[in-house]
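One structure below.
Below, chain A is the first sequence line, B the second, and so on; all start at residue 1.
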2 protein chains.
Amino acid sequence: MTKNRSKNETKRKQILASATHLFTEQGYASTSMALIAKHADVSKQTVYSHFGSKEELFSAAIEQKCDSSILLDFAQVTLTDPHATLLAIAKRFFAMITSKEALAVHKICAFEAKSYPQLSELFYQAGPERLTAEMAKLLVEFNDKGLLSIENPHFAATQFLHLVKGEAWMRIEFNTQYQLSEQQIDQYISSSVDLFLRGYAPIN
Amino acid sequence: MTKNRSKNETKRKQILASATHLFTEQGYASTSMALIAKHADVSKQTVYSHFGSKEELFSAAIEQKCDSSILLDFAQVTLTDPHATLLAIAKRFFAMITSKEALAVHKICAFEAKSYPQLSELFYQAGPERLTAEMAKLLVEFNDKGLLSIENPHFAATQFLHLVKGEAWMRIEFNTQYQLSEQQIDQYISSSVDLFLRGYAPIN
DNA sequence: AACTAATTAGACTACCTAGTCCATTTTAGG
DNA sequence: CCTAAAATGGACTAGGTAGTCTAATTAGTT
């Protein structure tokens with residue numbers, strides 16, 4: 001019955017990829033539908049046939065990016081001593097948040113937080129909130145084993161993640177002239193893990 | 001000799017104030033020169049007579065904001081015990097970075113960091129860098145008095161400030177649905193000061 | 001009062017924007 | 001192979017943009 005020729009899924013993906021790239025790179029206002037079409041090697045009409053409007057496309061693009069580029073697999077973490085575990089997590093966390101993609105989506109979500117609160121909410125839940133929850137679970141385990149003494153695991157989790165993010169991430173965010181070297185970043189992360197462990201060391 | 005009627009300094013200030021307000025509120029691309037002129041109750045031509053172009057006006061606006069709204073007077077801090085001192089600084093620091101003005105200038109500098117690196121550099125130096133330096137000086141004093149045991153005061157200063165900023169600030173940045181209450185913020189800040197102090201407690 | 005530069009409103013250029021329309025071509029399912 | 005829908009490109013509307021220009025007005029300095 002349905003002689004419907006279905007819309008080309010490949011084209012949809014091309015459009016979405018181009019939109020994501022351009023929106024995160026240049027922002028919403030500075031990115032035109034014509035440019036997205038050209039970049040996706042597709043006609044403008046096709047863009048409008050897949051996504052009804054610029055706003056719709058923007059939402060779809062950011063939502064997709066929130067799903068795909070804010071990942072940190074805690075299952076991979078092997079639980080040994082707190083120091084080794086936290087250091088490993090810290091390094092992977094830092095690598096993730098300083099990836100081009102994560103930086104780009106962070107930037108635009110923060111900037112458009114007033115205009116598109118549902119998108120920044122989405123980002124916050126997919127990113128910081130989810131990670132904090134996983135981190136808190138981990139800290140509870142250490143606490144239960146008596147390896148750390150943590151009263152409020154959620155607070156502690158956010159403190160840990162913000163410590164690790166800290167200075168080095170901010171310099172990248174602001175694209176400052178003097179960026180920290182890999183060695184300095186390792187030192188900073190290591191120093192933050194140490195601070196955290198001393199601050200939450202079990203009382204004995 | 002100069003029969004020049006000098007340009008009205010009041011108008012210049014009006015223009016700058018309007019530009020700052022609109023740029024920080026809506027961003028560079030979405031703010032038009034016509035709107036700035038109207039908002040400043042001035043003709044468009046006058047805007048161009050005071051500031052040659054949109055870019056020039058943008059720079060002037062952000063530069064002015066960096067000077068005026070990222071201030072934290074450390075001289076007011078009375079040095080007593082570390083806990084009281086750091087808690088007082090933490091609270092004032094947090095209040096400053098969550099002010100509308102500081103949030104707005106932070107947002108736009110981060111967003112335009114790629115397009116206007118000199119502006120984000122300016123912000124970074126006027127804000128985070130200056131504060132970190134002052135904080136580090138303070139920590140050195142505590143260290144010298146044997147009240148804290150800090151190896152790298154610069155690291156420690158950034159760690160302290162990022163701990164305090166942490167979760168609560170991020171929720172504001174992303175305009176999330178559930179904001180922390182004043183009480184929760186106080187708890188979080190207090191908990192972060194405690195963590196910092198335990199982590200850098202002198203060894204005895 | 002006279003001179004001169006600042007300021008004004010508004011027209012104007014040249015260009016970009018989101019979104020629509022339409023005639024044509026491509027393509028995939030039946 | 002046929003047909004219906006997808007995709008195309010280009011014209012088009014209606015509106016916004018930065019920046020220039022002009023002629024008239026205002027106001028400070030001498």
Side-chain angles (χ1 to χ4, degrees), chain A residues 1-63 108 111-112 114-116 119, chain B residues 1-63 108 111-112 114-116 119:
Chain A
M1 204 73 342
T2 56
K3 276 183 186 167
N4 286 11
R5 172 189 163 204
S6 61
K7 282 182 194 173
N8 194 336
E9 194 59 28
T10 315
K11 289 200 186 291
R12 189 190 169 85
K13 280 179 190 161
Q14 278 172 27
I15 296 166
L16 210 45
S18 296
T20 307
H21 175 77
L22 292 167
F23 278 138
T24 51
E25 204 68 25
Q26 316 179 339
Y28 182 77
S30 297
T31 302
S32 74
M33 293 297 264
L35 183 62
I36 293 169
K38 192 180 173 187
H39 191 273
D41 203 28
V42 131
S43 78
K44 199 164 67 149
Q45 204 47 244
T46 303
V47 175
Y48 277 98
S49 123
H50 281 268
F51 306 90
S53 69
K54 191 182 181 183
E55 296 215 351
E56 209 175 300
L57 177 54
F58 179 63
S59 296
I62 301 303
E63 282 176 27
I108 196 154
F111 188 75
E112 304 288 356
K114 287 268 152 58
S115 317
Y116 296 88
L119 291 185
Chain B
M1 204 68 347
T2 56
K3 278 184 188 168
N4 285 13
R5 171 187 164 204
S6 62
K7 281 182 194 173
N8 194 335
E9 194 58 28
T10 315
K11 290 202 185 291
R12 189 190 170 85
K13 280 179 189 162
Q14 279 172 27
I15 296 166
L16 210 45
S18 296
T20 307
H21 176 76
L22 293 167
F23 279 139
T24 51
E25 204 68 25
Q26 319 179 338
Y28 182 76
S30 297
T31 301
S32 75
M33 293 297 265
L35 183 61
I36 293 169
K38 193 181 171 186
H39 191 274
D41 202 28
V42 131
S43 78
K44 199 163 69 149
Q45 203 47 245
T46 302
V47 175
Y48 277 98
S49 123
H50 282 270
F51 305 90
S53 68
K54 191 183 180 183
E55 297 217 351
E56 208 175 300
L57 177 53
F58 179 63
S59 297
I62 301 302
E63 282 177 27
I108 196 156
F111 188 77
E112 304 288 357
K114 286 270 153 56
S115 318
Y116 296 89
L119 290 186

Would you mind reading off the distance between [X] atom [atom1] and [N] atom [atom2], rounded to a whole angstrom?
X: A:R12; N: D:dA6; atom1: CZ; atom2: P; result: 13 Å
X: B:L35; N: D:dG19; atom1: CG; atom2: C1'; result: 16 Å
X: B:K11; N: C:dA6; atom1: NZ; atom2: C1'; result: 9 Å
X: A:M33; N: D:dC12; atom1: CE; atom2: P; result: 22 Å
X: A:K38; N: C:dT17; atom1: NZ; atom2: C1'; result: 16 Å
X: A:D41; N: D:dG9; atom1: CG; atom2: P; result: 8 Å
X: A:K54; N: D:dG15; atom1: NZ; atom2: P; result: 18 Å
X: A:Y48; N: C:dG19; atom1: OH; atom2: P; result: 4 Å

Output a table of nitrogen or oxygen pairs between the protein and nucleotides 9-11 of chain C separated by less than 3.5 Å.
none

Look at the side-chain N and O atoms of [X] and state whether any lies under 4.0 Å from the OP1 or OP2 oxygen of [N].
X: A:S32; N: C:dT17; result: yes
X: B:H50; N: C:dA6; result: no
X: A:T46; N: D:dT8; result: yes

How close do [X] and [Y] get, counting heavy atoms only, and between which atoms?
X: A:K54; Y: A:T31; result: NZ-O, 2.9 Å
X: A:Y48; Y: A:S53; result: CE2-CA, 4.2 Å
X: B:F51; Y: B:A60; result: CE2-CB, 3.9 Å
X: A:Y28; Y: A:I108; result: N-CD1, 4.0 Å

Under 3.5 Å donor-acceptor, A:T24 side chain and A:H21 backbone: yes
Option among B:L16, B:V42, B:V47 that satisfies the side-chain contact (heavy atoms from CB on, under 4.5 Å) test with B:K11: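 Testing B:K11 for a side-chain contact (heavy atoms from CB on, under 4.5 Å) against B:L16, B:V42, B:V47 leaves exactly one candidate, B:V42.
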Note, B:L22 side chain near B:H39 side chain (heavy atom, < 4.5 Å): yes
Contact check, side chains of B:I36 and B:M33, non-hydrogen atoms, under 4.5 Å: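 Yes, their side chains come closer than 4.5 Å.
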Terminal helix-axis angle for the helix from C:dA1-D:dT30 to C:dA28-D:dT3, with five pairs defining each axis and rounding to 10 degrees: 20°
Whether B:F23 and B:F58 hold their rings parallel, tilted or perpendicular, with breakpoints at 30° and 60°: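 The arrangement is perpendicular - the two ring planes meet at more than 60°.
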DNA chain C: 5'-proximal contact among B:V47 and A:E55 (nearest heavy atom):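 The residue mapped nearer the 5' terminus is B:V47.
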Touch class at under 4.0 angstrom, heavy-atom based, for B:S30 against every strand present: nothing
